[in-house]
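Structure incoming, see below.
Convention: sequence-line order gives letters A, B, ...; per-chain numbering from 1.
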Amino acid sequence: MRGDKYTYLTTAIDYANGPPHIGHAFEKIGADAMVRYRRLKGEQVRFVIGMDEHGLKVLQSAEAAGVTPQAWADGIASKFEEMWRALGISNDDFIRTTQPRHHRAVEVMIERMQAADDLYRGKYEGLYCVGCEAFKTDAELVSVATLEAAAEAGTGADGVAGGVHSEGLTAEERVARLRCPIHPSRQLVWSQEENWFFRLSRYGERLLKLLAERPEFVQPESRRNEIRRVLEGGLEDISVSRSRLGWGVPWPGDPEHTVYVWIDALTNYLSAVGFPDPGYGQFWPADVHVIGKDITRFHCIYWPAMLMSAEVELPRTVWGHGFVTFGGAKVSKSEGGARVDLTELVELRGADALRYFLLREVPWNGDGEISAQRYDERYTSDLANNLGNLVNRVISMIERYREGVVPPGAQTALDPEIAAALVRYRGAMDANLLQQGAAAAIELGQAANAFVGDRAPWNQAKDPALAGELDATLASLARALAAIASMLFPFMPAKMTDLASRLGLEAPLPLESLAALELAGRRMHKGEVLFPRPQE
RNA sequence: GGCAGGGUAGCUCAGCUGGUGAGAGCACACGAUUCAUAAUCGUGGGGUCGCGGGUUCAAGUCCCGCCCCUGCUACCA
C-alpha cells in the first residue's frame, strides 16, 4: 500500500554527558524488540539510534576531562555504540548531532520555520547561575532553606534534590531564596538575553485537533491524557537559541547564537534519513518514535509544531515507555543509574537473558521494578526450567527415538495451542505490549511441557504399535519449539538463532510460515545446554 | 495545591460496563513421573480485595470522605 516505504523507527538520542546505563539500555532493547518483530512480519525496517552531543553539560564534561568537546563526544559515542553491539541492538544507523548531515538538516528546518514567520527575536529572562553559565529553571533549583537544613543534617548540598515552585515570587525574592545546587554558595542573578523564539503558541489548536483525530499519535493512553491537559492549558512561545553557549549548531544568519536543544535534538530524526534531500520520503514519516515518558512533551508538542511550521509530515506515533527502577531508585537516563552497573549486568547472564528479563519484567507501557533476586527467579523459572529444559528434553527424545530426524506426524492437541499462542502473541506485539508477547511464548512452553507429560513419549516408544503416536508427539513438539524460537527472537536474537539452528533451521522462521509448518526430515542436534541453571 | 493513575495472596500483577464459591505466574508443601538442566506434571495451603461510611436483592467492581504511593504541573537533556 505504501509502496516500498520503510517502517521507520527511532529511539531518543542519548545525551553525551556520561556512559550508557540501564535506563538507556532498556529503551534500546525495547525498541529493538519492536523492530525485530516487524522484520519477522516481513516489513522493511529502518532503525536509528543516536547521540545528542551539543550543549552545556557536554562542554563542561569535556573541560573537566581536559579534552575538546568533540573529542569528548567521540569517546562517549563509541562507548554507546559498543554497548549497543554488545546488547545485540540492530540499528541501521547512528546519528550524531555534531555530524554535517545533521547541521544541514537543522539549518533547513530553521529556514523553513523562518519562512513561515514562526521565529522571532525576543527576550528571555530568568535566574542565571554564573558558575554554570546557564539559565536555571525551578526544577533545577533548591531553596536556601533546604540547603540550610541539609547542612544541619550534615548531608551537604550534593544530596539535595532539585525542584522548587517560584511562581508568584518577584525576581528579588527568587534571588534571595533560591540557589543552584551545583554552586550553592553563589547567588543567582536575574538576567536576560536576546534569543530566537518559536511561536509555539500558534499551534495549540492544531495540536489538540491532532490528538482528537489521531489519538494513536501519543501512546500509551496515559501519556496522551497528560499532553492533552498541557495543550488545554495553552501554550507559550519557547526560546530556541542561546547566545552565550558556543557548543552547538550556529544559528543561520545570526552566528552569535547557537541553536538550543529543541530544534537541534529533535531534528535528528529527519537528518538521519537524509532530509532535506527528496530521498528521505522513503523513510519519513517515522512510524514510531520510541522515547522515555519524561520527554513526551517535547515529542508530542514541540516536535509536531516544528514540523507543522516547516511543512514536514508528522510522525505516526510517539511511544513513551516507562522506567526501570532498582530497589525503588529511578534508573532513567537523566538520573545516572549509578546503582546498577550495566556492563556487569550484561556479563552476569549475557545480553539475551538481560534483554528478556527487562522486557518480561517491566511493562513497555509503564514502570517496573527489578532486582538481582528477581533476575535470578525469572531466569531460572522461565528460561532454564521452562524453555531451556523443554528444548533439551524434546531434542533428546528426537535423537533417542528417531535418530535426530523429525518424523512426519499428524496434528495433535498441542497444535491448536501453538496457533492460539501465536494469535495472543501477535495481538500483544502489534499493540507494543512486549511483556505480554514474551508471556505468550513462555505459556506455549508450559503447554508443551504439560503435553509431554500427557503423551508420555517414553511409554509410546516402548510399544511399536504406537510408533505413529510417537511420531505425532515429536512432530508437534518440534513445531512448538520452532514457533517459540520465532516468538522470542525479538527478545533474544542470538539465543533464538542458536535454537533455530538446533532445530535444523537456518534462522527463526517468519511468523507467516509458522501456520502450516512442516519440519519432517529436519535433523536436530541438542548441543550444549541453552540456558544453564545458575550454579549454587 | 491542581490534574491523572494506582493501593487485590510472601512477591509481580489479572479482575471490562456491579451477580455462579475472589484468580494467574513465581515462591512454599505434598503427590506423580523419568524424556530432560535436582528439570517436568498435578494437587494444596495462604487474601478484613488501603480505611470508614453509603446505594443495591447483590460491590475489589458504583457514590462520598479519609490515608498512602506514582506521574504531570513546559524552555536539564
### Message
Checking A:F198 now: which residues fulfil ring pair (Phe, Tyr, Trp, His ring centres under 6.0 Å) with it, not counting sequence neighbours?
### Response
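Scan of A:F198 (ring pair (Phe, Tyr, Trp, His ring centres under 6.0 Å), adjacent residues dropped) gives A:Y203.
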### Task
Rounded to the nearest angstrom, tell me the gap between atom NE2 in A:H54 and atom P in B:rC75.
22 Å
### Message
Nearest to the side chain of A:Y401, heavy atoms from C-beta on, is which of B:rC35, B:rA74, B:rC41?
### Response
B:rC35
### Message
My understanding is that only residues two or more places apart in sequence, or in another chain, count here; which of them pass side-chain contact (heavy atoms from CB on, under 4.5 Å) with A:P407?
### Response
A:R402, A:D471, A:L474
## Note on the structure
Per atom distances to the A:I295 side chain, the nearest of B:rA74, B:rC41, B:rA77 is B:rA77
### Message
Could you work out, with ring pair (Phe, Tyr, Trp, His ring centres under 6.0 Å) as the rule, every residue matching A:W72, not counting sequence neighbours?
### Response
none
### Task
Whole angstrom is fine here: how far is it from CG in A:N392 over to P in B:rA36?
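In whole Å, B:rA36 P and A:N392 CG are 8 Å from each other.
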### Query
What nucleotide among B:rC35, B:rA77, B:rU37 has an atom nearest to a side-chain atom of A:W458?
B:rC35
### Query
Quick one: stems for RNA chain B, with Watson-Crick or G-U pairs under 3.5 Å, at least three in a row?
B:1-7 with B:67-73, B:10-13 with B:23-26, B:28-32 with B:40-44, B:50-54 with B:62-66
### Task
Whole angstrom is fine here: how far is it from CG in A:N225 over to C1' in B:rG5?
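Roughly 10 Å, once rounded to whole Å.
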### Query
Out of B:rU37, B:rA77, B:rC35, which has the shortest distance to the side chain of A:F531?
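Per side-chain heavy atoms of A:F531, the pick is B:rU37.
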### Query
Expressed in angstrom and rounded to an integer, what is the separation of A:R297 atom CZ from B:rC72 atom C1'?
7 Å
When you compare the protein's N or O atoms with those of nucleotides 23-29 of chain B, which come within less than 3.5 Å of each other, and at what distance?
none

### Message
Can you list everything that forms a side-chain contact (heavy atoms from CB on, under 4.5 Å) with A:S396? Sequence neighbours excluded, please.
### Response
A:N392, A:K526
#### Entry: Summary of ring pair (Phe, Tyr, Trp, His ring centres under 6.0 Å) pairs that have at least one residue in residues 230-249 of chain A, sequence neighbours excluded
A:H54-A:W247
### Message
Heavy atoms within less than 4.0 Å of RNA chain B: which residues of residues 257-269 of chain A have one? Give them sorted by number.
### Response
A:Y260, A:V261, A:W262
### With A:H321 via ring pair (Phe, Tyr, Trp, His ring centres under 6.0 Å) - residues at least two apart
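A:H321 satisfies ring pair (Phe, Tyr, Trp, His ring centres under 6.0 Å) with A:F26, A:W364 once adjacent residues are dropped.
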### Task
Could I get the full list of side-chain contact (heavy atoms from CB on, under 4.5 Å) partners for A:A25, not counting sequence neighbours?
A:I29, A:W84, A:L87, A:L342
### Message
Which residues pass the ring pair (Phe, Tyr, Trp, His ring centres under 6.0 Å) test with A:Y15, not counting sequence neighbours?
### Response
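Expected list: none.
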### Query
How many Å lie between CZ on A:F298 and P on B:rA77, as a whole number?
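Rounded to the whole Å, the gap is 8 Å.
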### Task
Choose from B:rA74, B:rA77, B:rG71 the nucleotide whose nearest atom is closest to any side-chain atom of A:D294.
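Comparing B:rA74, B:rA77, B:rG71 against the side chain of A:D294, the answer is B:rA77.
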### Message
In whole Å, I'd like the distance from the CG atom of A:L474 to the P atom of B:rA36.
### Response
13 Å
### Query
What's the NZ-C1' distance between A:K526 and B:rU37, to the nearest Å?
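Atom NZ in A:K526 sits about 10 Å away from atom C1' in B:rU37.
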### Message
For A:Q192, give me all partners under side-chain hydrogen bond (donor to acceptor under 3.5 Å, both in side chains), at least two apart in sequence or on another chain.
### Response
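side-chain hydrogen bond (donor to acceptor under 3.5 Å, both in side chains) check on A:Q192 returns A:E125.
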### Task
Describe the nucleic acid contact of A:A384 in one word from base, sugar-phosphate, nothing, applying a heavy-atom distance below 4.0 Å.
base
### Protein-nucleotide distance (A:Q60, atom CD; B:rC76, atom P), rounded to Å
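Taking CD of A:Q60 and P of B:rC76, I get 14 Å after rounding.
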### Message
Heavy atoms from C-beta onward define the side chain here; which of B:rA74, B:rA77, B:rA36 lies closest to that of A:R393?
### Response
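Side chain of A:R393 sits closest to B:rA36.
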### Task
Looking only at non-hydrogen atoms, find the nearest pair between A:Q446 and A:N386 and report the distance.
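A:Q446 and A:N386 have their closest heavy atoms at CG-ND2, 3.0 Å.
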